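These numbers come from the heavy atoms of this one structure, side chains and all, not from hydrogens, waters or symmetry mates. Computed from a prediction, not measured in an experiment: that's the story for all the values here. Residue numbering restarts at 1 for every chain, and letters A, B, ... go by the order of the sequence lines.
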Amino acid sequence: MSAKFKEYRGLDLSQVNKDVLKEWEANQTFEKSVTSRKGNPTFVFYEGPPSANGMPGIHHVISRSLKDIVCRYKTQQGFEVNRKAGWDTHGLPVELGVEKSLGITKEDIGKKISVAEYNAACRKDVMKFTGKWKDLTHKMGYWVDMENPYITYDNKYIETLWYLLKELYNKGFLYKGFTIQPYSPAAGTGLSTHELNQPGCYRDVKDTTCTAQFRVVKNEASEFLYNDVEGELFFLAWTTTPWTLPSNTALAVGPQVTYQKVKTFNPYTGKPVVVVLAKNLVSAYFNAKNADVSFDDYQPGDKKVPFEVMEEEFTGKDLAGVSYEQLIPWIKPDGDAFKVIVGDYVTTEDGTGIVHIAPTFGADDDRVAKAAGIAPLILIDKDGKQNPMVDKTGKYFLIKDLDADFVKNFVNLDAYMEYAGRFVKNDYDEKLTEKDHTLDVDISVMLKLENKAFRVEKHTHNYPHCWRTDKPVLYYPLDSWFIKTTAVKERMMELNNTINWKPESTGTGRFGKWLENLVDWNLSRSRYWGTPLPIWRTEDGKVEKCIGSVEELVTEIEKAVAAGVMDKNPFGDFKAGDFSKENYDKVDLHRPYVDDIILISEDGEKMFREPDLIDVWFDSGAMPYAQMHYPFETEKEDGSQLVFPADFIAEGVDQTRGWFFTLHALGTMLFDSVAFKNIISNGLVLDKNGNKMSKRLGNAVDPFETIEKFGSDPLRWYMITNAQPWDNLKFDQNGIDEVKRKFFGTLYNTYSFFALYANVDGFTGQEEQVAIEERPEIDRWVISLLNTLIKEVTESFESYEPTKAGRAIQNFVTENLSNWYVRLNRKRFWGGEYSKDKISAYQTLYTCLETVAILSAPIAPFYMDQLYKDLTTVSGNNALESVHLTMFPKADESKIDKALEQRMLYAQDISSMVLALRRKESLKVRQPLQKIMIPILDKEFHDQVEKIKDLVLSEVNVKEMEFLTDTKGVLVKKIKPNFKALGPKYGKMMKQIAAFVNQMTQEDIALIEKDSKINATINDETVELSIEDVEIMSEDIPGWLVASEGKLTVALDINVTEDLKQEGIAREFINRIQNLRKDSGFDVTDKIILKIQKNEAINDSVINYKDYIASQTLAEELNLVDSCNETEGKLVEIDTNVETYICVSKKA
RNA sequence: AGUCCUGUAGCUCAGUUGGUUAGAGCACUACACUGAUAAUGUAGGGGUCCGCAGUUCAAAUCUGCGCAGGACUACCA
């Protein structure tokens, strides 16, 4: 144990960061922080797995800081907090990264490169940035077990996923369905809604849109429409995707919408037509200015097209059932089609009020078509499978890829050939650029020529794009496996209400609304690198089997081998019940190995694996179970069990529909429980101008550089205290710098001050504690505040509000501890005897510093650990190896003295006012003054101020304080209505009462003070105002220099007597001498010999205050001399035009 | 398009149950202090509390309608 407190020559937080890291590593502090809590209650934390194939950014620092703060805090509260790191390893980002680096596309997988090789590449690639992640985690001081992480591609991890899938399957939550889904031809996979909801997916794009004319078939059903119509009658329908028009099989109308016929000409062909559209939208298609244009004068090509709205009106219901001719007769649908149907979602907000229906390319379309018995436009491919008109690469089917019989019976080859093989979006064809005509344009032009297009124009609309390939998404019919989350929707909402969300609005609003509009979770992904769906099916799909463990799979394979379906069992070496790594290394549950496994049904039919992978969000949402290899290695004899649910998780708000959702869904469906009880969802990190950070814009902040430059502590402190974590953070390096100077600099200075003098006096912290009641007022004050602080910080951390905790600590350190306590007590520390009072001061300051270190440790783990150790290794109190092993202090209510805190506020205010008065009169603080006077409002106030009298006097350098009780009326008073008291009583009369009070004279005030009431006449009514209804304060004391603020008024005697003048001069001397000492490089404790050259203006002062000067400057001798040797002496200015020489020499 | 969040000094943020002089830090200006000194103190300037309307004796605060920014949701053609 060293006897001296360590003194530093500067504060380098970046270096502290490095030093403390080394110690943690050497001492295994993190491990100890967990093991030392063994046997205590646990606090369960789940780490959301990042994907290690991307670089960590500054935004990762904020969510990881939040996690770390809570976990460290809970550890300090005595909980055992295990923290297992994890890696998200599957999924599209990895695959696309590999495709890019190998220079291949999805089409090439299985051809140019085997699936096995491809997946091996993914496995390798996904972990490429783990080094960087570990490094950042380490440097930023995020304590999490990186040595034993869970990895989602691990066989054991996958085995748990299979187990869970089987559980869901057995509960009937897993089903196969066909729906229209977002599909990315470029990525070759369907996209889940969460993927589609990645930021930036919806973008404004300008597309060619087309309002097409659908010719009404004249028959019995449509006869009523043909009333008064000569020639051709059309329905108008608008689409933003003209490429879906060949797949049209119906038109939808709103059942309540009113429609009208309009007689006009087709603007492109000039042919006379009658068109049907919603009444509300007539004006959108026909300019009222053209209403008078003559039909007779119209020539094809004229810009102004005449029109006439026919009076007859129809509702959507009337139109339902009317047939129309196929718009683009390339391919015949197999079944009923080309009829008007009703759709409840049809509105007249845009388009024509008649909606083109292509059931193969729209979810709503599919739904209403099915309901009306309308067939979709289906193609049969050469494998005999049903398809929409567009293949999976995003182009119209080539004839060669279709079934020959189908082509013969359903396809109009002459018309279709020209368009077969065309990509529906230019983005899908690498050979096409933006300049090339899109299919939309070509089809629109074709329709124009055929008198089938009524209007063609560019239109900007919002369209979803694939989050990885940036290319537009297609809505496409896909076979998929779903989890029936809708079945537990109500329960999920109920359970969600029990979760403590920070901020609350994310839980009730964003997450709650999402749950209200829940759809089934689409689990399928048609890719390669991911968790395979463990379902095997017979070819006809009638028998299926869901596999829930490796053991079960091995057993099933044995059956297949026995039946001769498989040659041998590829997983034959696997030993059931052996959970060693070696055993699990014998199998690989990924593709292509599982694809090669053929099982056999009870009836002896072959069963093949459903080729899909599962959504990666299932991987991460299942981490509570899979990280422990549930249930295989939990709930065993050794007592290990599932750690569930979490007490706490934290991630970015962008995870709301991702991880937060999948955790919650699985927790609800599998265990009928929440998966987490408390959650902080943090906002985004933006650049200092509020823009999103991106590599492209070059405004991304590198976390490594930032930590290297500033150290992690100020970075963490800044991120946490600058704004609430759920608000977006406008990241500004100047903010870190400010935190460093303001908070860490001040704290460091305070410690340095303490260490300097403690070492001089030999204070070690081992001294017997001075009883709190024996300590001076100011010590008890700061200790009171300290305990208030402990309370506040604890409450803030407990309610997951680290921002409040950090701000409270910072305020205490900079305002109360440094700026008031230390500043006012400097004299107690330097000079003078090593008395009880001095020890009390040291002990008080020591306690504050140590407590601040412990309170702040969760947020600033590095510097606080150093500070803590610098203090405790000397004192031996509470001397644990690290601050992170300590217990959080408990507030001692008995030490909290609110009255004391209040009167210290008075002291601060009075001092500040006196200093302001001095400034006004240009009276230096070094010049002592005789008296201040304070009018007394009540006894309590008097008692309070009396107690801090000395403090104030020394702070402002004044000799005495006089209390004025106003009996003689020397005070000028001010009176104000007390609105809070008057409001409820008088309501509407407030304005008049306020006016009455404001015009009260000094006599009136005296009266109300005497009688405690006064009568006011308001609107001929007499109102009795009591003393409680007003606030009275003194404002002025005639003849004195007065300052007044709120309730306080202070008067200052500015008369400088000869005596005061002399004392002032003495203090000037002390100041000059101290400066000389310092300039000469003397030690604080060095004794000196002083000579001062005589000067009329100062002689008396030096003689009268000789002892005072000597004691303050540690002068053994002090003499006035006739002349100081000029080389030895220094010329100093004592007062305006008063100069003399001083000689300072060290005593031998 | 809908939902949610945010909007207070040049910048970053506080602002309790509505109560009458709207605060702090940074930055700026001036002054002071000088044994915590790459600190510190005091004072000053700087505000349409996004706008409008309403409720109320009283609105930064509550309500409604807008505006701006952000996030999220969404294939309405």
Side-chain angles (χ1 to χ4, degrees), chain A residues 10-11 180 182 193 196-197 199 202 209 211 237-241 244 251-252 343 345-347 349-358 361-365 461-464 473-475 503 505-506 508-510 512-514 517 653-654 656-657 683-684 686 688 690 692 721-724 726-728 730 732 734-735 737-738 741-742 745-746 748-754 756-757 807 810-811 814-815 818-819 822-823 826 829-831 912 915-916 918-920 922 924-926 976-984 986-994 1046 1071 1074-1075 1077-1078 1082 1084:
Chain A
L11 179 62
I180 307 298
T193 35
L196 211 53
N197 292 336
Y202 280 83
T209 67
T211 302
W238 180 56
T239 180
T240 55
T241 52
T244 61
L251 291 174
Y345 64 97
V346 177
T347 66
E349 271 164 35
D350 45 20
T352 62
I354 303 176
V355 178
H356 142 65
I357 299 291
F361 297 114
D364 283 335
D365 301 29
H461 64 140
N462 218 267
Y463 198 82
V473 155
L474 230 48
Y475 288 86
S505 62
T506 301
T508 55
R510 188 178 288 193
K513 289 270 156 56
W514 163 257
N517 301 315
V653 70
D654 50 330
T656 309
R657 271 86 175 187
L684 302 176
L686 308 170
K688 65 176 170 186
K692 216 165 184 174
T721 59
N722 183 64
Q724 294 283 10
W726 37 87
D727 291 335
N728 289 347
K730 287 184 196 162
D732 187 355
N734 294 329
D737 215 40
E738 190 181 322
R741 281 203 333 270
K742 199 80 197 142
T746 306
Y748 160 80
N749 269 334
T750 307
Y751 168 79
S752 300
F753 174 85
F754 166 81
L756 177 67
Y757 290 105
R807 284 176 176 171
Q810 180 161 335
N811 184 57
T814 57
E815 294 308 312
S818 167
N819 189 23
V822 172
R823 197 161 54 80
R826 276 177 296 188
F829 292 94
W830 76 63
S912 156
L915 291 171
R918 295 188 80 115
R919 191 184 112 64
K920 224 183 257 171
S922 301
K924 290 181 171 184
V925 179
R926 266 202 298 272
K976 257 172 57 180
N978 178 354
F979 288 96
K980 212 165 183 172
L982 286 165
Y986 299 108
K988 293 200 174 173
M989 293 165 74
M990 279 299 289
K991 278 202 178 108
Q992 284 112 314
I993 294 177
N1071 166 251
Q1074 299 286 31
N1075 285 345
R1077 285 183 58 119
K1078 199 174 158 201
F1082 291 0
V1084 182

Quiz item: In whole Å, what is the span from the CG atom of A/D727 to the C1' atom of B/rG15?
Solution: 15 Å
Practice problem: Determine the contact category for A/I993: base if any of its heavy atoms lies under 4.0 Å from a base atom, sugar-phosphate if only primed atoms, P, OP1 or OP2 are that close, otherwise nothing. | Solution: nothing
Quiz item: Any side-chain N or O of A/N722 under 4.0 Å from OP1/OP2 of B/rC13?
Solution: yes
Quiz item: Partner of B/rA68 by Watson-Crick or G-U wobble geometry, both contacts under 3.5 Å, or none?
Solution: B/rU6
Quiz item: Once you round it to whole Å, what is the distance between C1' of B/rA27 and CZ of A/R741?
Solution: 10 Å
Exercise. State, yes or no, whether a side-chain contact exists between A/T209 and A/T239 at a heavy-atom distance under 4.5 Å.
Key: no
Practice problem: Would you kindly compare A/G362 and A/W726 by the position of their nearest RNA chain B nucleotide and give the one closer to the 5′ end? | Solution: A/W726
Quiz item: By ring-ring contact (aromatic ring centres under 6.0 Å, His included), which residues pair with A/F753, not counting sequence neighbours?
Solution: A/Y757, A/F829
Practice problem: Output the distance between atom NE2 (A/H356) and atom OG1 (A/T211), rounded to the nearest 0.5 Å. | Solution: 11.5 Å
Exercise. Find the distance between CD1 (A/I354) and CG (A/L251) and round it off to the nearest 0.5 Å.
Key: 6.5 Å
Quiz item: Considering Watson-Crick and G-U wobble pairs with both distances under 3.5 Å, what does B/rU63 pair with?
Solution: B/rA53
Quiz item: Do any side-chain nitrogens or oxygens of A/K730 fall under 4.0 Å of OP1 or OP2 in B/rU12?
Solution: yes
Quiz prompt | Among B/rU73, B/rG70, B/rA14, the nucleotide that comes nearest once only the side chain of A/W514 is considered | solution = B/rU73
Quiz item: B/rA58 and B/rG70: how far apart are their C1' atoms, nearest whole angstrom?
Solution: 34 Å
Quiz prompt | Same-atom distance (P) from B/rA24 to B/rC5, integer angstrom | solution = 30 Å
Practice problem: For A/N734 and B/rC26, give me the distance from atom CG to atom P, rounded to whole Å. | Solution: 13 Å
Self-check item: Identified pairing partner of B/rA39, criterion: Watson-Crick or G-U wobble below 3.5 Å
Solution: none
Quiz item: Looking at side-chain heavy atoms only, is the closest gap between A/N819 and A/T814 below 4.5 Å?
Solution: no
Quiz item: How many Å lie between CD on A/Q810 and C1' on B/rG25, as a whole number?
Solution: 9 Å
Exercise. Can you tell me the distance, in whole Å, between the CD atom of A/Q724 and the P atom of B/rG7?
Key: 12 Å
Practice problem: Could you work out the separation of B/rU12 and B/rU17 based on their P atoms and round it to a whole Å? | Solution: 26 Å
Quiz item: Given that both distances must come in under 3.5 Å, which nucleotide forms a Watson-Crick or G-U wobble pair with B/rG25?
Solution: B/rC11
Self-check item: Nucleotide forming a Watson-Crick or wobble pair with B/rG45, both distances under 3.5 Å
Solution: none
Exercise. With rounding to the nearest 0.5 Å, note down the distance linking CG in A/L11 to OG1 in A/T746.
Key: 10.5 Å
Self-check item: Touch class at under 4.0 angstrom, heavy-atom based, for A/A723 against every strand present
Solution: sugar-phosphate
Exercise. Tell me which nucleotide among B/rA39, B/rA36, B/rG19 gets nearest to the side chain of A/R826.
Key: B/rA36
Practice problem: Round to the nearest Å and state the distance from A/E815 atom CD to B/rG41 atom C1'. | Solution: 11 Å
Practice problem: Could you work out the separation of B/rG10 and B/rU34 based on their P atoms and round it to a whole Å? | Solution: 36 Å
Practice problem: Using the C1' atoms only, state how far B/rC57 lies from B/rA30, rounded to an integer number of Å. | Solution: 44 Å
Quiz item: So what does A/R807 hit on the nucleic acid, given a heavy-atom distance under 4.0 Å: a base, only sugar-phosphate, or nothing?
Solution: sugar-phosphate
Exercise. State whether A/N819 places a side-chain N or O below 4.0 Å from either non-bridging phosphate oxygen (OP1 or OP2) of B/rG41.
Key: yes
Exercise. Using the C1' atom as the reference point in each nucleotide, state the distance between B/rC4 and B/rA74 in Å, no decimals.
Key: 15 Å
Quiz item: To the side chain of A/V822, which of B/rA27, B/rA36, B/rG25 is closest?
Solution: B/rA36
Self-check item: Nucleotide of B/rA36, B/rU40, B/rG70 approaching A/N728 most closely (side-chain heavy atoms)
Solution: B/rG70
Practice problem: Using the closest heavy atom to pick a nucleotide of RNA chain B for each, name whichever of A/T814 or A/R823 lands nearer the 5' end. | Solution: A/R823
Exercise. Round to a whole Å and report the spacing from CG of A/N749 to C1' of B/rU34.
Key: 14 Å
Quiz item: Mind checking the C1' distance from B/rA36 to B/rU61? Whole angstroms is fine.
Solution: 42 Å
Exercise. Rounded off to whole Å, could you give me the CZ-to-P distance for the A/F979 and B/rG19 pair?
Key: 12 Å
Quiz prompt | P gap between B/rA53 and B/rG46, integer Å | solution = 27 Å
Practice problem: Answer with base, sugar-phosphate or nothing: what part of the nucleic acid does A/T240 contact at a heavy-atom distance below 4.0 Å? | Solution: sugar-phosphate
Quiz item: Once you round to the nearest 0.5 Å, how far does CG of A/L474 lie from OG1 of A/T244?
Solution: 10.0 Å
Practice problem: Could you tell me the separation between the CD atom of A/E738 and the CG atom of A/N722, rounded to the nearest 0.5 Å? | Solution: 8.5 Å
Exercise. Look at the side chain of A/S818 against the base of B/rA36 and say whether a donor-acceptor pair falls under 3.5 Å; ignore hydrogens and angles.
Key: yes
